[in-house]
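Throughout, protein chains are lettered first and strands after them, A, B, ... in sequence-line order, and every chain is numbered starting at 1.
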Amino acid sequence: MDPTPATTRIAQFDVCYTQFLDPQGRARGELPGFAADADEMRDMYRWLALTRAFDKKAVALQRTGRLGTYAACLGQEAIGVAIGKALRPEDIFMPAYREYAAQFLRGVPMQNILLYWGGDERGMAYPEGTPAHHDFPLSVPIGTHVPQAVGVAYAVRLRKQPRVVLASCGDGATSKGDFAEAVSSAKLWNLPLVFLVNNNQWAISVPRERQTGAQTLAQKAFAGGLPGEQVDGNDMIAVRHVLERAVERARAGGGPSLVEAITYRLHDHTTADDARRYRSEDEVKAAWERCPIKRLKAWLEGRSWWTDADEERLQAEGAARAEAAAQAFLTTPPEPPQAIFDHLYERLPSQFEWQREEVKSAGPKGDC
Amino acid sequence: MDPTPATTRIAQFDVCYTQFLDPQGRARGELPGFAADADEMRDMYRWLALTRAFDKKAVALQRTGRLGTYAACLGQEAIGVAIGKALRPEDIFMPAYREYAAQFLRGVPMQNILLYWGGDERGMAYPEGTPAHHDFPLSVPIGTHVPQAVGVAYAVRLRKQPRVVLASCGDGATSKGDFAEAVSSAKLWNLPLVFLVNNNQWAISVPRERQTGAQTLAQKAFAGGLPGEQVDGNDMIAVRHVLERAVERARAGGGPSLVEAITYRLHDHTTADDARRYRSEDEVKAAWERCPIKRLKAWLEGRSWWTDADEERLQAEGAARAEAAAQAFLTTPPEPPQAIFDHLYERLPSQFEWQREEVKSAGPKGDC
Amino acid sequence: MANLAIIEAINLALHSEMARDPDVVVLGEDIGRNGGVFRATLGLLDTFGPERVIDTPLAETLVAAMSIGLSTQGIRPVAEVQFSGFLYPCVDQVVNHATRLRNRTRGRMSCPLVIRSPNWGGIHAPEHHSEALETTFAHMPGLRVVCPSNPARAYGLLLAAIRDPDPVIFLEPTRCYRLFKAPVEDNGAALPLDTAFVEREGGDITLVSWGATMHETRLAADALAEQGIAAEVIDVATLKPLDMDTILESVAKTGRCVIVQEAPRAGGWASEIAANIAEHGLLSLFAPVMRASGYDTIMPLARSEKVYIPDVARILREVRKVFEIAPKN
Amino acid sequence: MANLAIIEAINLALHSEMARDPDVVVLGEDIGRNGGVFRATLGLLDTFGPERVIDTPLAETLVAAMSIGLSTQGIRPVAEVQFSGFLYPCVDQVVNHATRLRNRTRGRMSCPLVIRSPNWGGIHAPEHHSEALETTFAHMPGLRVVCPSNPARAYGLLLAAIRDPDPVIFLEPTRCYRLFKAPVEDNGAALPLDTAFVEREGGDITLVSWGATMHETRLAADALAEQGIAAEVIDVATLKPLDMDTILESVAKTGRCVIVQEAPRAGGWASEIAANIAEHGLLSLFAPVMRASGYDTIMPLARSEKVYIPDVARILREVRKVFEIAPKN
Ligand SMILES: Cc1ncc(C[n+]2csc(CCOP(=O)(O)OP(=O)(O)O)c2C)c(N)n1
Ligand SMILES: Cc1ncc(C[n+]2csc(CCOP(=O)(O)OP(=O)(O)O)c2C)c(N)n1
Ligand SMILES: [Mg+2]
Ligand SMILES: [Mg+2]
């Protein structure tokens with residue numbers, strides 16, 4: 001724009017980027033308070049590692065024909081752990097589908113995730129008594145759950161509850177109108193709502209820069225007048241800090257905001273995908289250098305908060321938990337066939353009874 | 001955001017506002033080149049006045065039961081004239097429904113607009129040989145035509161044509177996901193595309209500030225990495241200048257952009273609406289002070305480019321044209337009933353022939 | 001007991017249920033200060049305040065999605081979509097989420113929401129304001145689709161829809177909003193959401209319809225009565241779940257059936273009813289099941305809308321065909 | 001003449017028509033470098049370049065709207081939507097614009113576009129990847145809805161769809177993509193878009209289906225043949241406009257009919273066909289028209305999808321009912 005005397009600047013917007021640890025795990029400056037708590041930091045590391053162990057197991061189950069299509073979270077574990085740590089039990093989490101770590105922290109048993117990708121709806125019946133029990137299930141239709149978060153947060157505000165709603169979605173999801181309608185409206189009611197964009201650089205085969213003309217995804221916040229910021233999503237400390245700040249601002253009445261967490265999808269899109277078709281091995285290799293687990297481990301070790309023995313114990317725990325989950329999943333008997341009618345309505349209208357009866361008398365047909 | 005040493009600013013966005021004439025019609029500084037052309041400036045004034053005469057006639061026809069629901073453009077005429085002037089004949093205009101002035105400039109006969117709101121599809125059969133013949137018809141489902149503009153502009157670019165596509169919509173439309181999907185994607189292909197937001201402060205009864213949390217609508221551009229700016233849409237000189245600049249940038253390969261033109265809906269939303277239910281008379285009265293016609297007239301008079309005799313002639317022309325359009329509309333015989341099948345497909349499949357026959361033999365049932 | 005028009009009965013039901021149940025909220029475009037473009041929500045803002053009477057931005061996907069979000073939290077949202085032609089942006093949210101959240105979480109979560117919208121043509125409205133959406137929704141598993149046709153049913157069925165634990169699409173007959181008044185008791189009593197209403201008994205032919213075309217159907221029955229033909233008139237009212245028992249019972253008695261719908265013929269709900277009769281009532285039929293229907297063309301603009309909408313003449317034409325094949329003896 | 005699977009025939013048709021007509025472009029998510037998640041667009045990017053093979057952002061409304069915009073300019077867009085469960089965000093654009101632009105401009109503009117999508121279940125895919133969308137679209141005036149069921153028809157019907165001057169929804173049988181191979185001649189010859197195919201002649205009963213369930217229907221016909229029952233098998237292929245003549249001719253001969261569909265039963269296209277038989281073929285029927293159908297419930301996740309999808313046993317059960325009422329003499 002050529003400014004003329006008749007042109008005045010009326011608004012200005014910034015996008016900031018936060019990173020505490022460099023890829024080698026060296027602190028770039030002063031760290032947030034929680035980083036002084038060795039137990040807490042070790043716990044975060046533990047969840048990263050457990051999630052990776054789970055992920056590995058799930059892929060292995062799929063590769064051996066014992067699980068359906070699975071969407072791995074390899075390399076993106078820190079975002080999930082950050083969500084799990086930033087939210088309080090009473091908060092409401094509305095995931096896309098790669099934030100397993102957050103779900104684990106909120107009480108979703110690992111076998112539930114396996115059941116889900118194994119084709120069993122009971123995978124999304126998260127147990128009573130856990131925070132996850134009031135969380136949303138995974139959402140496959142991309143971005144569609146995001147505007148629902150506006151309604152959930154509205155309900156929270158209506159009831160004057162001190163709860164925060166966090167909806168996460170991928171970089172691809174930010175192209176959907178659903179996402180934009182949510183962002184555009186959230187500030188109207190000053191909702192206690194955080195939008196988290198899990199920018200893993202790819203939406204199946206479409207790279208981030210072919211997804212939108214926007215230079216950052218954080219700036220999509222401005223379309224709704226929200227603050228939007230970027231954070232290194234592979235820096236466990238940074239992503240937790242930034243998310244926690246956004247969540248607590250929302251809780252304190254400071255309104256909605258958007259966080260874009262930069263990460264990288266180290267795995268194929270799902271087990272049904274072959275990413276070598278569309279991206280270079282070099283790119284993936286370079287991304288491994290920014291792995292969140294390696295980075296936090298280096299930092300912990302630098303502080304002498306982590307030993308080889310700790311690591312060995314943790315690896316064993318991860319393998320054992322993943323194996324236990326796999327066993328629980330594999331030994332879960334299928335539902336009776338007529339279960340496909342049992343949660344259609346609160347009470348099945350009599351008009352559909354004969355269909356349920358037909359299915360019941362035809363007997364089991366399931367497989368998988 | 002509390003900046004820490006770990007936080008860096010990575011992007012910045014400005015929204016500017018342009019106004020050349022103050023509400024009294026006084027130039028606030030140097031004017032763009034076209035303002036030195038007295039004939040051109042008078043021509044713009046003429047189109048403003050003709051449009052207002054048409055608008056008045058249409059409302060009168062509705063009030064006397066001779067037209068269906070009509071959406072007036074009272075007070076918003078300058079935006080339409082600016083579009084008409086900024087576009088070349090070969091460009092493609094995709095209107096919402098209040099930019100009649102642009103349509104008139106591009107060759108839509110006034111009676112076509114009356115036919116349309118009078119409930120006759122032929123109103124949108126814009127005449128061959130006019131630029132409007134390749135323009136889109138009015139679009140009632142709010143915002144839905146905007147993403148279509150991405151496809152139209154893509155076709156233009158594919159064919160390497162030196163044409164620009166301009167899609168206009170209201171402030172309310174910017175809340176639709178359709179609008180956001182278009183904005184988000186337009187820069188990916190560097191399309192020759194201008195989004196014009198006709199911000200008349202109201203979407204039926206919903207005021208601009210209850211439409212979105214965004215401080216301006218111009219900043220919705222940033223969600224797609226486009227430049228976005230605001231202009232005084234009631235300042236004929238400013239809105240033409242800013243639009244022309246956006247159109248010519250697009251034509252020159254400079255890519256898509258978004259212009260938010262600030263105006264005010266002086267009339268009820270449509271003739272079916274009663275705006276007194278939800279907004280104050282004071283607000284409307286104050287808005288009349290910013291009327292674009294009054295403003296340009298004052299400026300023209302200040303330069304001695306417009307006389308009372310000119311005004312009288314123009315008013316007479318406007319009344320005569322509007323009356324002629326009304327007569328042409330009122331004397332247009334209805335289509336035969338079976339016409340409801342004649343443009344359903346290029347050739348009506350034989351399966352539907354009997355329906356067409358049934359309608360034909362039942363004879364006319366139309367009214368209105 | 002007041003004499004009310006359908007739109008007034010809807011307004012009364014909303015007032016009544018919002019007063020009774022503090023968890024009920026209404027939302028939509030222009031439903032607050034403006035009271036809705038048809039005034040269905042008139043007075044709600046003043047009575048219940050802006051927290052429970054939510055003017056939304058112009059974004060129908062958001063309206064549906066917000067309703068889903070609210071309903072998962074125990075709120076009972078009643079959304080208004082201004083005209084049913086603008087319901088299409090809600091379809092994805094309704095079918096991919098609202099109808100299946102209960103099922104996909106095995107009962108952990110649910111969506112007790114209502115989406116109301118004026119449906120069908122006949123008021124000389126602008127383009128896209130006269131659509132017939134009932135079949136699109138009624139085909140979706142997990143949904144209830146309700147189409148009231150008189151004031152008392154509008155009141156009682158809307159109460160039922162709001163109280164129902166599952167999602168309900170509530171399509172109101174725009175052109176009948178103020179067409180006639182009838183007594184409505186504000187007794188807070190819901191009507192059943194799975195029952196067709198036999199409005200008028202008759203042994204010669206069964207006329208089946210719902211929503212706006214109930215009006216033309218009633219007039220057709222009047223006209224037939226004058227010709228000495230006793231039509232049984234059934235208001236389907238709830239399209240899903242569909243009460244075929246009532247229809248089949250009637251057809252068993254009359255042996256003749258004409259179904260009246262305004263939606264396009266191909267794949268309309270009349271076809272579903274006819275198919276069920278063909279399956280379960282074939283042996284009682286004296287003549288083919290005929291459909292007096294909207295045509296398989298775009299709803300025309302105002303000047304030709306009467307060409308499209310099935311009128312009494314079109315209904316009688318189908319009835320005549322039936323009696324030509326199977327004369328009254 | 002090559003032996004091709006359905007997915008290969010689709011790929012061949014795209015290659016062939018893009019080579020023949022420079023105005024044809026393809027667009028959609030992951031259709032470029034990745035060749036589509038099912039590889040329908042394999043090789044197109046290398047052959048025709050990124051200007052004509054457009055990887056879109058993840059926005060289905062945009063994909064539909066871009067297709068509309070492109071088609072108005074004389075381009076022939078062939079859009080892919082990754083799974084039909086993600087077609088819902090296209091519905092508004094299709095019904096409020098694509099199907100009616102010609103009509104509302106009285107022929108001045110038109111939308112010769114194709115939207116392709118894998119439809120129906122059976123591949124153990126994740127949630128929302130196994131939906132049956134055909135009826136939702138077939139109810140819309142101004143549209144053509146095409147569901148191929150074998151490689152040659154996939155090739156010929158897709159060519160026809162691309163060349164058709166009006167919008168076409170093209171729903172492909174996901175679970176049959178690679179199920180079998182059959183000869184396909186790459187002769188650039190389109191098949192008619194308004195004609196059902198009598199695949200197998202027989203005088204005892206008419207079996208009608210389309211898309212994926214044609215497979216189970218063929219197997220059912222085989223099983224019946226072993227029992228000495230000669231089934232006439234009709235592939236509807238084009239749901240809209242619907243070729244009832246072919247179906248009615250067959251029913252006139254057999255007097256018995258079972259319609260097989262995977263979509264939910266209520267309001268499915270089987271109901272439309274049954275309603276038309278009830279209207280026009282009533283007198284030739286020996287027994288009720290039965291529907292072997294998907295159920296009125298949410299398509300289950302992979303473990304139970306076979307419970308939902310009509311299999312040979314379910315088809316034979318409906319056939320048995322027919323013969324119980326009207327035994328073969
Ligand atoms: C509405 C919709 N369209 C298409 C798909 C198919 N699909 C599944 S995942 C995916 C890419 C998602 O990308 P992103 O949002 O970045 O999330 P990521 O998988 O990278 O975590 C696509 C296109 C879908 N699930 N939903
Ligand atoms: C998708 C859709 N939703 C609702 C409506 C009903 N409606 C017609 S105009 C309008 C307000 C439009 O506001 P805006 O975009 O600001 O345009 P304006 O009328 O002010 O020019 C609404 C809600 C519609 N036409 N389309
Ligand atoms: Mg991604
Ligand atoms: Mg406006």
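For C:Pro165, the part sitting under 4.5 Å from any heavy atom of chain A is the side chain, from C-beta outward, and nothing else. Proximity to chain A is limited to the side chain of C:Ile68, based on heavy atoms less than 4.5 angstrom apart. Within the 4.5 angstrom heavy-atom criterion, no atom of C:Pro22 approaches chain A. Only the side chain of A:Leu188 comes within contact range of chain C, with at least one heavy atom under 4.5 Å from a heavy atom of that chain. Within the 4.5 angstrom heavy-atom criterion, no atom of A:Ala149 approaches chain C.
Every side-chain contact (heavy atoms from CB on, under 4.5 Å) that A:Ala182 has, sequence neighbours left out, goes to A:Val146, A:Pro147, A:Val150, A:Phe195.
Of the listed residues (C:Ile54, C:Leu193, C:Val25, C:Leu27), the greatest number of heavy-atom pairs within a distance under 4.5 Å of chain A belongs to C:Ile54. Looking only at heavy-atom pairs under 4.5 Å with chain A, the residue among C:Pro77, C:Pro57, C:Ala65 that has the most is C:Ala65. Most heavy-atom pairs under 4.5 Å with chain A, from the set C:Ala64, C:Pro89, C:Gly107: that is C:Gly107.
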Show the pairs of one donor and one acceptor atom, one from chain C and one from chain A, lying under 3.5 Å apart.
from: C:Asp23; atom 1: OD1; to: A:Arg159; atom 2: NH2; distance (Å): 3.1
from: C:Glu51; atom 1: O; to: A:Tyr154; atom 2: OH; distance (Å): 2.7
from: C:Leu62; atom 1: N; to: A:Glu181; atom 2: OE1; distance (Å): 2.8
from: C:Gln73; atom 1: O; to: A:Arg159; atom 2: NH1; distance (Å): 2.8
from: C:Gln93; atom 1: OE1; to: A:Gln148; atom 2: NE2; distance (Å): 2.8
from: C:Gln93; atom 1: NE2; to: A:Thr144; atom 2: O; distance (Å): 2.9
from: C:Gln93; atom 1: NE2; to: A:Asp178; atom 2: OD2; distance (Å): 3.1
from: C:His97; atom 1: ND1; to: A:Gln148; atom 2: NE2; distance (Å): 3.4
from: C:His97; atom 1: NE2; to: A:Thr144; atom 2: OG1; distance (Å): 2.7
from: C:Asn103; atom 1: N; to: A:His343; atom 2: O; distance (Å): 3.2
from: C:Arg104; atom 1: NH2; to: A:Leu138; atom 2: O; distance (Å): 2.6
from: C:Arg106; atom 1: NE; to: A:Glu335; atom 2: OE1; distance (Å): 3.0
from: C:Arg106; atom 1: NE; to: A:Glu335; atom 2: OE2; distance (Å): 2.9
from: C:Arg106; atom 1: NH2; to: A:Glu121; atom 2: OE1; distance (Å): 3.4
from: C:Arg106; atom 1: NH2; to: A:Glu335; atom 2: OE1; distance (Å): 2.8
from: C:Arg108; atom 1: NE; to: A:Met124; atom 2: O; distance (Å): 2.9
from: C:Arg108; atom 1: NH1; to: A:Ala132; atom 2: O; distance (Å): 3.3
from: C:Arg108; atom 1: NH1; to: A:His133; atom 2: O; distance (Å): 2.8
from: C:Arg108; atom 1: NH1; to: A:Asp135; atom 2: O; distance (Å): 2.6
from: C:Arg108; atom 1: NH2; to: A:Met124; atom 2: O; distance (Å): 3.1
from: C:Arg108; atom 1: NH2; to: A:Asp135; atom 2: O; distance (Å): 3.3
from: C:Leu143; atom 1: N; to: A:Tyr345; atom 2: OH; distance (Å): 3.4
from: C:Leu143; atom 1: O; to: A:Tyr345; atom 2: OH; distance (Å): 2.7
from: C:Asp166; atom 1: OD2; to: A:Glu346; atom 2: N; distance (Å): 2.7
from: C:Asp194; atom 1: O; to: A:Gln351; atom 2: NE2; distance (Å): 3.4

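Of all heavy-atom pairs spanning A:Pro137 and C:Leu101, the tightest one is CG-CD1, 4.0 Å. Nearest heavy-atom pair, A:Gly151 versus C:Leu70, reported as atom, atom and distance to 0.1 Å: O-CD2, 3.4 Å.
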